[in-house]
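Here's the structure, in structure tokens; my notes come after.
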Amino acid sequence: MLQQITERCYELPFDERTDRPSLGYVRGDRFALLVDGGNSPDHMALMHRALDEKGLPREQLAAVTHSHWDHTYGLCATDAPVIACKKAQKALLAMQHWAWTPEKMQQRLDTREDILFCHSFILKEYPDPTTIRVRAADIVFDEFLELDLGGVHARLMRLNNSHSEDSVVVFIPEDGVVYLGDIAYKDLHHEPPCWHANRRADLMGALDRLDFQWAVPGHHGTCQRDAFFRGMEEEFAHDKAEGILVLQD
């Protein structure tokens, strides 16, 4: 269940069965911060049970690393104010108008507004997709926002990357932890999936300048700094060898 990384930082590990990403939690003296909202109310309920079992307070703030469904569709199940960057907010507002009938879901696949990878997991997580409720953010920032949680800070930074334009990291400087969401992954919404070489290089440089000791990716286990950078290089080399497209943009 909930795993403690440092004195103040925790994670609920990812679950690949229905593409549930890891969820982060930071306990400040004044505010508890949830990092990402999960892919459904059931995912959020799992996080709340884990916090209750540990005797930890439930979140008073929730920050999203990006707008993709698996990180945001559980936000409707928290009472905390939600924080997102402007680009993520734009996507969340658009998704609020999505209809969840089989016909509309297929239409979004046909137009590439959604992709089969997400569609398949949504059907696994939601026996009845018409129950999906997309919640937009209450607090919106542009490129950077620092939160004083009491005794510990959270720095939300939008960084250039391959995965999505609205991706941010949540850096906890006092504990040396960075919650990454999916920022270190390739672009699955491009057809075919690809890496954007220059954006990836920008991300590598930005992360290298952060003084973190622990990295928490959305769909891999928490790892130390050196292992994270080594894993990024190995994945990139593997994908290139497998013929994954690399765009120079």
Side-chain angles (χ1 to χ4, degrees), residues 3 5 9-16 18-26 33-40 43-44 47 59 61-75 78 80 82-92 95 115 117-118 121 125 134-137 139-147 154-172 175-189 193 195-196 199-200 202-204 206-207 210 212 214-223 225 228-229 231-232 235:
Q3 297 179 358
I5 305 169
C9 295
Y10 299 76
E11 76 155 325
L12 185 72
F14 71 100
D15 184 344
E16 63 186 4
T18 57
D19 203 34
R20 289 182 174 181
S22 62
L23 303 181
Y25 176 87
V26 185
L33 174 69
L34 179 69
V35 181
D36 278 331
N39 73 353
S40 68
H43 194 188
M44 181 67 75
M47 182 63 167
E59 67 280 355
L61 295 168
V64 297
T65 59
H66 63 303
S67 61
H68 289 169
W69 81 277
D70 49 322
H71 296 257
T72 58
Y73 282 14
L75 290 170
T78 179
V82 173
I83 305 168
C85 75
K86 286 182 179 179
K87 289 182 180 290
Q89 177 75 335
K90 181 179 179 181
L92 292 171
M95 286 190 289
I115 58 173
F117 179 87
C118 296
F121 280 115
E125 181 69 26
V134 179
R135 178 180 172 184
I139 301 167
V140 179
F141 68 98
D142 191 2
E143 301 292 322
F144 178 87
L145 178 68
E146 180 163 296
L147 303 173
R155 296 175 184 168
L156 283 62
M157 297 173 280
R158 193 176 75 84
L159 301 177
N160 206 12
N161 70 97
S162 272
H163 189 70
S164 66
E165 288 187 349
D166 62 357
S167 284
V168 307
V169 300
V170 181
F171 176 46
I172 315 300
D175 282 43
V177 174
V178 61
Y179 294 98
L180 296 165
D182 292 353
I183 202 167
Y185 302 139
K186 60 179 162 286
D187 182 354
L188 296 177
H189 285 256
W195 289 100
H196 301 274
R199 300 180 207 174
R200 181 185 177 278
D202 287 347
L203 176 65
M204 294 287 283
L207 292 177
L210 286 184
F212 69 90
W214 296 98
V216 188
H219 299 273
H220 290 80
T222 294
C223 57
R225 179 188 182 93
F228 167 71
F229 283 112
M232 283 190 70
E235 180 180 11

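Numbering starts at 1 and runs along the sequence shown.
Checked against side-chain contact (heavy atoms from CB on, under 4.5 Å), I139 has the following partners two or more places apart in sequence or in another chain: P81, I83. Partners of E165 by side-chain contact (heavy atoms from CB on, under 4.5 Å), not counting sequence neighbours, listed by chain and number: K87. Listed by chain and number, the residues in a side-chain contact (heavy atoms from CB on, under 4.5 Å) with H196 are S162, D187, C194, R199, L247, D249 (sequence neighbours excluded). In this structure, the side chain to side chain donor-acceptor pair (under 3.5 Å) partners of E143, at least two apart in sequence or on a different chain, are R158. D70 meets the side chain to side chain donor-acceptor pair (under 3.5 Å) test with H219; sequence neighbours excluded. Evaluation of the side-chain contact (heavy atoms from CB on, under 4.5 Å) rule for A137 yields V82, A84, Q89, V140 as partners, not counting sequence neighbours.
The shortest side-chain heavy-atom distance between F228 and V178 does not fall under the 4.5 Å cut-off. Between M204 and F229 the shortest side-chain heavy-atom distance falls below 4.5 Å. Within the 4.5 Å cutoff, the side chain of L33 has heavy atoms near those of the V170 side chain. Side-chain contact between F117 and D19 is present, with at least one heavy-atom pair separated by less than 4.5 Å. Counting heavy atoms from C-beta outward, M44 and L34 have side chains that approach closer than 4.5 Å.
Interatomic distance, E125 CD to W69 CH2, rounded to the nearest 0.5 Å: 5.5 Å. Separating the CG atom in L61 from the OG1 atom in T78 is a distance of 9.5 Å, to the nearest 0.5 Å. To the nearest 0.5 Å, atoms CZ (R135) and OG1 (T72) are separated by 11.5 Å. One finds the CG atom of L159 at 4.5 Å from the CD1 atom of I183 (value rounded to the nearest 0.5 Å). In this structure, CG on D182 lies 7.5 Å from OG on S164, to the nearest 0.5 angstrom. Here the straight-line distance linking atom OH of Y10 with atom CG of L23 works out to 15.5 Å at 0.5 Å rounding.
The two residues R200 and M232 make their nearest non-hydrogen contact at NH2-O, 3.4 Å. For the residue pair M95 and V134, the shortest heavy atom distance occurs at O-CG2, 3.9 Å. L75 and G37 get closest at one heavy-atom pair: CD2-CA, 3.6 Å. Residues L180 and A215 share a closest heavy-atom pair of CD1-CB, 3.9 Å. Residues L156 and A63 come closest through the heavy atom pair CD2-CB, 3.8 Å. Across every non-hydrogen atom of Y179 and V35, the tightest pair is CB-CG1, 3.8 Å.
Taking the six-membered ring where tryptophan is involved, the planes of Y185 and H163 are perpendicular, since the angle between them exceeds 60° and thus also 30°.
Of the candidates H66, H43, R20, H71 forms a side chain to side chain contact (heavy atoms under 4.5 Å, CB included) with just one, namely H66.
Of the possible donor and acceptor atoms, one in the side chain of D36 sits under 3.5 Å from a partner among the backbone N and O of T65. The closest donor-acceptor contact from the side chain of D166 to the backbone of S67 lies under 3.5 Å. Listed for the N39 side chain is a donor-acceptor partner under 3.5 Å among the backbone atoms of T18. Judged purely by atom type and a 3.5 angstrom limit, S22 has no side-chain atom pairing as donor or acceptor with the backbone of G221.
No side-chain donor-acceptor contact under 3.5 Å links T222 and Q3.
Under the 6.0 Å distance and 45° angle rule, R155 does not count as a cation-pi partner of F144.
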